[in-house]
Number of protein chains: 2
Amino acid sequence: MTESNGAASHRSRLTIEDVAALARVSIKTVSRVINDEPNVKQETRDRVLEAIRRLDYRPSRVARSLASRQVFVIGLLYDNPSPYYIYNVQAGVLKACEQRGYDLLLHPTTFGNARTPEEIVTLHGQSRFDGVLLTPPLSDMEALTAALREQRVPFVLIAPGVELETDARVCTNDEAVVAEMTRHLVGLGHRRIAFVAGHPDHLAVGKRLAGFLSAMREAGLPVPAEYVAQGYNSFESGEAAARRLLGLPNPPTAIFAANDEMAAGVIKVARSLGIDLPRELSVAGFDDTPMTAQVWPALSSVRQPIARMAEMAASMLIEAAASGPVPPTRQLIPSEVVVRESTAPPARSSADH
Amino acid sequence: MTESNGAASHRSRLTIEDVAALARVSIKTVSRVINDEPNVKQETRDRVLEAIRRLDYRPSRVARSLASRQVFVIGLLYDNPSPYYIYNVQAGVLKACEQRGYDLLLHPTTFGNARTPEEIVTLHGQSRFDGVLLTPPLSDMEALTAALREQRVPFVLIAPGVELETDARVCTNDEAVVAEMTRHLVGLGHRRIAFVAGHPDHLAVGKRLAGFLSAMREAGLPVPAEYVAQGYNSFESGEAAARRLLGLPNPPTAIFAANDEMAAGVIKVARSLGIDLPRELSVAGFDDTPMTAQVWPALSSVRQPIARMAEMAASMLIEAAASGPVPPTRQLIPSEVVVRESTAPPARSSADH
DNA sequence: AGCAAAATTGACAGCGTTGTCATGAATGGG
DNA sequence: CCCATTCATGACAACGCTGTCAATTTTGCT
């Protein structure tokens with residue numbers, strides 16, 4: 001009755017000790033090889049590597065984390081904007097994570113939620129992530145960032161606006177590029193240009209309105225109060241805004257919506273009213289979603305390199321989080337205007353006298 | 001020079017021992033309370049709970065995982081279909097995870113990738129998740145499921161089709177509901193109905209075609225070969241298919257696309273050809289994405305409770321994964337036809353004589 | 001009251017790594 | 001050729017929990 005093979009059902013996990021034994025070194029040396037630490041003779045290193053290969057050994061993430069006090073996970077906090085946006089943010093973050101063997105922890109929440117700060121601090125306290133990424137509009141939630149600073153939870157913001165010098169952030173020049181799109185419309189000959197603003201909680205979108213207003217002022221064009229319609233980022237709110245704007249006694253010849261979703265709503269309403277696009281009405285959006293190609297006329301918009309921003313933010317976080325709070329940094333990633341068919345010179349009849 | 005407060009910079013992590021000391025019990029008892037284990041006197045439990053509260057103690061996930069040999073993470077494997085789909089799957093999975101304190105590990109990949117099985121097995125070997133969820137079309141990737149079975153990585157499939165009895169899966173009755181939508185079109189009086197098929201790698205979508213064909217056969221209606229256009233799930237491929245179908249000498253009066261994206265492409269092309277929708281052409285989609293409300297006429301489609309499927313699959317996985325491979329189970333979640341404005345009786349002129 | 005069974009609690013050994021520190025070997029300069 | 005460095009390696013103690021098992025107390029019956 002030998003114990004050779006037989007019903008050896010449940011051989012337990014392969015550990016660093018097995019590798020060490022096979023390579024005839026101590027476990028510490030195996031650890032050094034795994035972590036690419038210096039001071040290991042090449043010959044030894046090769047022997048260990050070979051043992052790892054032969055055994056098909058995979059170091060336990062969990063044990064590594066416990067010993068090193070790093071979890072190799074970064075959190076992503078977001079408030080359910082468009083699937084498209086989230087998808088791209090995730091793609092960028094995943095790219096940064098992948099290279100460094102990090103994992104991504106998702107944490108959707110809602111902007112107003114007063115318990116969010118506590119939740120995040122708890123997750124961090126439980127060692128469920130090393131640092132966290134905040135996307136708009138959460139990046140503007142003071143109660144949250146304050147709590148994170150106070151509890152020394154490393155974080156990086158993805159947020160428009162370049163003023164602030166506190167915290168680490170990756171930002172866009174939203175305001176400038178909105179102004180650029182506005183000048184594009186003005187350049188086409190539009191004088192009566194309306195704006196569909198985004199959700200008021202979404203500070204990022206508020207800045208878009210500011211960019212529009214300042215460009216209009218610069219161009220010496222008036223923006224009557226009724227030309228600024230409050231939207232809420234949704235397609236439906238874009239439709240509603242369009243109905244109001246186009247029902248005006250003196251309707252605009254161009255409508256600039258703070259995101260593509262609303263712009264698409266505007267287009268749908270305009271067409272249902274029999275308005276000839278883009279001859280009688282130009283429409284511009286923001287975000288450059290795939291939707292721009294799916295509406296007719298193809299929507300002029302502003303392209304933000306979402307994935308690239310997220311990747312950069314994640315990289316910053318990973319590099320810094322291991323050694324405490326992330327130092328204040330500001331990384332600007334420029335957006336760009338993409339002109340398509342939905343913006344054109346206004347028809348004579350509807351142009352200013 | 002007392003050591004009272006002063007520059008007490010770096011107090012180290014709060015551990016279960018601190019709680020035990022304050023509550024005057026052993027660490028094991030604290031552990032019992034944390035894990036809601038039985039056999040702790042109510043009074044003791046209260047005392048421990050109070051100590052936890054007072055100290056604001058949060059058990060380390062990592063230490064817990066190491067000791068219990070569970071990581072409390074489930075993986076989600078997907079091949080980049082639409083952001084909308086992914087977003088909903090994630091939402092469902094997150095819901096299931098949240099309740100049980102699990103985390104979600106994302107792993108996007110590509111259908112054909114031969115290294116995927118190895119990657120997943122490695123992640124599991126490193127204890128980066130307890131079990132994994134496969135979404136279509138990955139759920140049909142034999143090489144992958146085989147590897148997972150072989151390596152005893154717990155997994156649950158989200159996949160259409162109810163035939164197979166192996167593995168644990170959450171499935172839809174795609175085929176039946178496609179047949180139902182087809183009958184809806186037939187019932188409206190359509191005789192010449194075309195189908196835009198989905199990406200050939202996407203087995204799920206292949207089943208949709210089968211459902212269509214069988215319903216047509218049942219209705220005694222012919223489906224000439226040129227009435228089945230190959231699409232690739234994208235808006236653009238829908239446009240291309242529509243151009244082919246509508247350019248036919250004897251064009252269909254209804255087009256059923258295997259997803260909304262392609263259906264939207266069909267609508268765009270039809271309208272650009274000056275076809276009066278839905279009078280001259282009915283269009284149906286599948287997935288019931290928000291897009292259905294954004295095109296005109298509003299798209300009839302098939303609603304799949306994606307989030308609910310994902311939630312159920314995740315729940316199955318979590319319940320079972322702790323104790324080895326998931327037992328074969330089949331959970332059917334029915335889809336439903338949603339009729340909107342894009343499907344209507346065919347105009348006289350274009351109906352069959 | 002007396003005893004078996006159940007409830008409650010704690011001691012202690014892991015879990016599989018990395019960090020710290022000590023030891024011995026190799027190297028370099030005068 | 002000697003001594004001070006630097007390199008290479010290993011022993012062993014964390015890391016912060018849970019699992020196992022034994023010890024003690026309480027409970028339920030007769």
Side-chain angles (χ1 to χ4, degrees), chain A residues 10-49 51-52 55-73 101 124-128 130 322-323, chain B residues 10-49 51-52 55-73 101 124-128 130 322-323:
Chain A
H10 214 57
R11 92 180 136 286
S12 113
R13 198 187 207 289
L14 211 56
T15 77
I16 198 171
E17 305 226 38
D18 300 305
V19 178
L22 181 58
R24 301 188 313 283
V25 294
S26 73
I27 59 170
K28 181 61 204 182
T29 295
V30 177
S31 171
R32 288 198 180 90
V33 172
I34 293 172
N35 294 290
D36 254 322
E37 284 173 29
N39 300 339
V40 178
K41 213 191 295 173
Q42 186 59 46
E43 182 203 316
T44 312
R45 192 180 293 273
D46 291 342
R47 197 145 33 87
V48 171
L49 253 17
I52 290 177
L55 295 176
D56 194 22
Y57 164 75
R58 303 183 183 96
S60 157
R61 207 27 176 300
V62 166
R64 220 207 248 275
S65 293
L66 183 58
S68 70
R69 295 147 163 288
Q70 269 193 265
V71 282
F72 307 104
V73 171
H124 184 253
Q126 294 175 334
S127 300
R128 281 164 78 170
D130 295 308
S323 39
Chain B
H10 215 55
R11 89 179 139 285
S12 113
R13 198 188 208 288
L14 212 54
T15 78
I16 198 171
E17 304 227 37
D18 300 303
V19 177
L22 181 57
R24 300 186 315 281
V25 295
S26 73
I27 60 169
K28 181 60 205 186
T29 295
V30 176
S31 171
R32 288 198 180 92
V33 172
I34 293 172
N35 294 292
D36 255 321
E37 284 172 29
N39 298 340
V40 178
K41 211 190 298 172
Q42 186 58 46
E43 181 203 316
T44 312
R45 194 180 292 272
D46 291 342
R47 199 144 33 88
V48 171
L49 253 18
I52 290 177
L55 295 175
D56 195 22
Y57 165 73
R58 304 186 183 92
S60 158
R61 207 23 176 301
V62 165
R64 220 209 252 273
S65 294
L66 183 57
S68 69
R69 296 147 163 286
Q70 267 193 268
V71 282
F72 307 103
V73 171
H124 184 253
Q126 294 175 335
S127 301
R128 280 163 80 170
D130 296 308
S323 41

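By convention in this document, chain letters (A, B, ...) are assigned in the order of the sequence lines, proteins followed by strands, and residues within each chain are numbered from 1. All of these numbers come straight from a predicted model, not from anything done at the bench.
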Counting just side-chain N and O atoms, does [X] come under 4.0 Å of either OP1 or OP2 of [N]?
X     : N      : value
A:S60 : C:dT17 : no
A:S31 : C:dT17 : no
B:N39 : C:dT9  : no
B:S26 : C:dT9  : no

Any N or O donor-acceptor pair linking the side chain of A:R69 to the base of D:dG16 at under 3.5 Å?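 Answer is no: no donor-acceptor pair is held.
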Quiz item: A:R32 side-chain donor-acceptor pair to D:dG10 base, under 3.5 Å: yes
Separation of atom [atom1] in [X] from atom [atom2] in [N], rounded to whole Å:
X     : N      : atom1 : atom2 : result
B:R58 : D:dG16 : CZ    : P     : 15 Å
A:I27 : D:dA13 : CD1   : C1'   : 11 Å
A:K28 : C:dC21 : NZ    : C1'   : 11 Å

Could you check which of [options] has an atom nearest any side-chain atom of [X]?
X     : options                : result
B:S68 : C:dG16, D:dT18, D:dT9  : D:dT18
A:Y57 : C:dG19, D:dG10, C:dT17 : C:dT17
A:T44 : D:dT9, C:dT17, D:dC17  : D:dT9
A:A63 : C:dT18, C:dT17, D:dG16 : C:dT17
B:A67 : C:dT17, C:dT9, D:dC17  : D:dC17

Looking only at side chains, do A:R69 and A:S127 share a donor and an acceptor under 3.5 Å apart? no
Hey, is the main chain of B:R32 close enough, under 3.5 Å, to the side chain of B:N35 for a donor-acceptor pair?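 Between the backbone of B:R32 and the side chain of B:N35 there is no qualifying donor-acceptor contact (under 3.5 Å).
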Checking A:T44 side chain against A:V40 main chain: does a donor-acceptor pair fall under 3.5 Å?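 Side chain of A:T44 to backbone of A:V40: no pair is present.
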A:V30 or B:V25, whichever maps to the more 5' nucleotide of DNA chain C: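 By nearest-heavy-atom nucleotide position, the 5'-most residue is B:V25.
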